[in-house]
Number of protein chains: 2
Amino acid sequence: MVYTSRYPFFYVTVDIVILTIREDALAALVVQRGEEPFAGRWALPGGFVDPDEDLLEAAVRELREETAVATGDVRLEQLASFGAPGRDPRHRVVSVAWLAVLPHGPEPRAGSDAAGAEWKPVDFLLGEGRLAFDHAEILGEGVERARAKLEYTGLATEFVDDEFTVAELRRVYEVMWGHRLDPGNFHRKVTRTPGFLERVGRAVTRGPGRPAELFRFGGAEVLHPPLTRSTFG
Amino acid sequence: MVYTSRYPFFYVTVDIVILTIREDALAALVVQRGEEPFAGRWALPGGFVDPDEDLLEAAVRELREETAVATGDVRLEQLASFGAPGRDPRHRVVSVAWLAVLPHGPEPRAGSDAAGAEWKPVDFLLGEGRLAFDHAEILGEGVERARAKLEYTGLATEFVDDEFTVAELRRVYEVMWGHRLDPGNFHRKVTRTPGFLERVGRAVTRGPGRPAELFRFGGAEVLHPPLTRSTFG
DNA sequence: ACAAAAGTGTTGAGCGTACACCCATGG
DNA sequence: CCATGGGTGTACGCTCAACACTTTTGT
């Protein structure tokens, strides 16, 4: 089918919000821009979609190029698309944004495309004039999505190692929601939610205090009942 | 815009899931395709994004072109983007899907682009071989999003007129969730959720039975507490 | 008068919050 | 033996589901 372009063409890119928790703060992986526009500002990892590549494939490829993570372990979730005419002053670009969550924020691979990538606290990046393009808006949507999904999915377990203690999981919720939770009630709540946690059968001791049982994610698609943000403290 | 393309070009379109309730069934607005590919199948309304148009603007324009609705009254929410390489056999097209909800399913405007547009039950459209392209997947996401948002937003009020009775609102939930709700408990629940309903101060009588109070949407961004689908029957 | 729909009252079960309390370790 | 964090027990209050009951209309 021959089609002379009656319709306009666009560049299509993917941008990835990669979240982790470092030093009890939510952080995102960003690269510093060397060129105009927005030289010196931070930008979300991302790049152009290849001609024969699905959007998810493109996001997975970019994620792998920027971090040392085995792609099989990471879930990517589509956030939204951004295509305002002036969002990139050079061309008309529509960007499909994705969300990924990693445990502990591994150091970006040396020698890769992402040699200049760094973890930066989200609070810093969302300040005025830190991020390039409309990336503050994209990051904001990613953070809000992650916060919301903690309530009714097992997303929190993606912030911690494969095997984790209830206290480590609680720390994720406390950092993401910005307030402390009652340790006892939290423990009961997560261990009794069907499919959320699976007992490993070993315990670890980190510093003083009684050793903590290790758990794995139990595979539940949705949490019933959810861990509500408004109530339960 | 002169640029030697180091990077590939894409067509970008918007597709809109427009939902309504007709004859106690969820229905979507679709147009019948006259040409290959997928001639004779139904397709979601949509079209190409203009060169200097934001994605939301494009969706609003397409919605207006297909229906008789004043655009100020309708909220459009972005669903997701779809860009698998083969989804349109003719070109590489990335489509940004949007969700809109209308009361009562007004007849599409005669003489407009949408002369061929019709309301069809969602259950019918989701059957094998009814929808063109990947539109079944898009419609499915729209329906699931709408179902979920009934729980914690005032979305249900967009399915009914500006002024409505509690029973009319209940019918929306019953159709969307596929089971009956206790009238008394539902009434108490929605009238006591802060910001959900605002009493108009008039009553209407439709058929036998005590006249029903009229309400308007109260403007609440989120419903606290939510109307949970799993519990409460 | 009767049926039907709107809306309120009531009750018992279950859940969440707060907080007391015991357990098991490091120092 | 004390501090610290892990984990369980308990009691009170609140919400929800079920359903009885009153109100107000059409026929």
Side-chain angles (χ1 to χ4, degrees), chain A residues 24 150-152 160-161 163-175 177 179-194 196-216 222-233, chain B residues 24 150-152 160-161 163-175 177-216 222-233:
Chain A
D24 282 349
L150 292 190
E151 296 190 20
Y152 59 94
V160 294
D161 286 324
E163 299 185 348
F164 53 87
T165 67
V166 172
E168 287 163 357
L169 191 67
R170 175 163 46 85
R171 217 53 213 117
V172 173
Y173 281 90
E174 289 179 337
V175 167
W177 289 350
H179 60 86
R180 302 207 87 85
L181 300 170
D182 181 283
N185 292 335
F186 183 85
H187 185 279
R188 217 186 336 252
K189 180 86 187 179
V190 295
T191 53
R192 298 208 178 156
T193 300
F196 193 9
L197 298 188
E198 194 175 274
R199 177 165 261 116
V200 169
R202 293 199 320 281
V204 285
T205 160
R206 324 215 204 270
R210 172 172 163 181
E213 286 290 315
L214 282 173
F215 292 86
R216 256 193 299 271
V222 288
L223 304 184
H224 280 297
L227 287 74
T228 49
R229 210 188 318 187
S230 44
T231 56
F232 139 69
Chain B
D24 283 349
L150 291 191
E151 297 190 21
Y152 58 94
V160 294
D161 286 325
E163 299 186 347
F164 52 87
T165 67
V166 171
E168 286 163 358
L169 192 67
R170 175 164 45 86
R171 214 57 208 113
V172 173
Y173 282 90
E174 290 178 338
V175 168
W177 291 350
H179 60 88
R180 303 206 85 85
L181 300 170
D182 181 282
N185 292 334
F186 182 85
H187 185 279
R188 217 187 335 254
K189 179 86 189 182
V190 296
T191 52
R192 298 209 176 155
T193 301
F196 193 10
L197 298 188
E198 193 176 275
R199 177 166 260 114
V200 168
R202 294 198 321 281
V204 286
T205 160
R206 323 212 205 273
R210 173 173 165 180
E213 286 291 317
L214 282 172
F215 292 85
R216 257 192 298 271
V222 288
L223 304 184
H224 281 297
L227 287 74
T228 49
R229 210 189 317 187
S230 44
T231 56
F232 141 69

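Labels below follow one simple rule: chain letters A, B, ... track the order of the sequence lines, proteins then strands, and each chain is numbered from 1. Worth saying up front: this structure is predicted, and the values here are computed from it rather than measured.
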Just the rounded figure in Å: distance from [atom2] of [N] to [atom1] of [X].
X        : N      : atom1 : atom2 : result
A:Arg192 : D:dG7  : CZ    : C1'   : 11 Å
A:Arg180 : C:dA18 : CZ    : P     : 15 Å
B:Asn185 : C:dA6  : CG    : C1'   : 14 Å
B:Asp182 : D:dC21 : CG    : P     : 15 Å
B:Leu223 : D:dC16 : CG    : P     : 12 Å
B:Phe215 : C:dA6  : CZ    : P     : 12 Å
A:Arg206 : D:dG5  : CZ    : P     : 14 Å
B:Arg171 : C:dA6  : CZ    : C1'   : 16 Å

Electrostatic pair B:Arg171:B:Glu168 at N-O distance under 4.0 angstrom: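 Between B:Glu168 and B:Arg171 there is no salt bridge, as every charged N stays at least 4.0 Å from the carboxylate O atoms.
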If you look at every strand shown and take non-hydrogen atoms under 4.0 Å, does B:Gly207 touch a base, only sugar-phosphate, or nothing? sugar-phosphate
Among the nucleotides [options], which one has an atom lying closest to any side-chain atom of [X]?
X        : options                : answer
B:Pro211 : C:dC19, D:dT24, C:dA6  : D:dT24
B:Ala167 : C:dA6, D:dG7, D:dG9    : C:dA6
A:Pro208 : C:dA18, C:dG7, D:dT4   : D:dT4
A:Lys189 : C:dG16, D:dA18, D:dT25 : C:dG16
A:Arg210 : D:dG6, C:dG7, D:dT8    : D:dG6
A:Arg188 : D:dT25, C:dC19, C:dG7  : C:dC19

5'-most by nearest nucleotide on DNA chain D - A:Gly209 or A:His187: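 Comparing both residues, the 5'-ward one is A:Gly209.
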Would you name the heavy atoms of B:Thr193 and B:Lys189 that are closest together and state the gap between them? OG1-O, 2.8 Å
Kindly say if A:Arg170 contacts the phosphate of D:dG6, meaning a side-chain N or O under 4.0 Å from OP1 or OP2.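 Result: yes.
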So how far is it from B:His224 NE2 to B:Tyr152 OH, rounded to the nearest 0.5 Å?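 Here the rounded value is 11.5 Å.
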Does A:Asp182 use its side chain to pair, donor to acceptor, with the backbone of A:Gly184 at less than 3.5 Å? yes
Check the pair B:Phe196, B:Leu169 against side chain to side chain contact (heavy atoms under 4.5 Å, CB included), reporting the backbone distance first and the verdict last. CA-CA 11 Å; B:Phe196 193 10; B:Leu169 192 67; 4.0 Å; yes
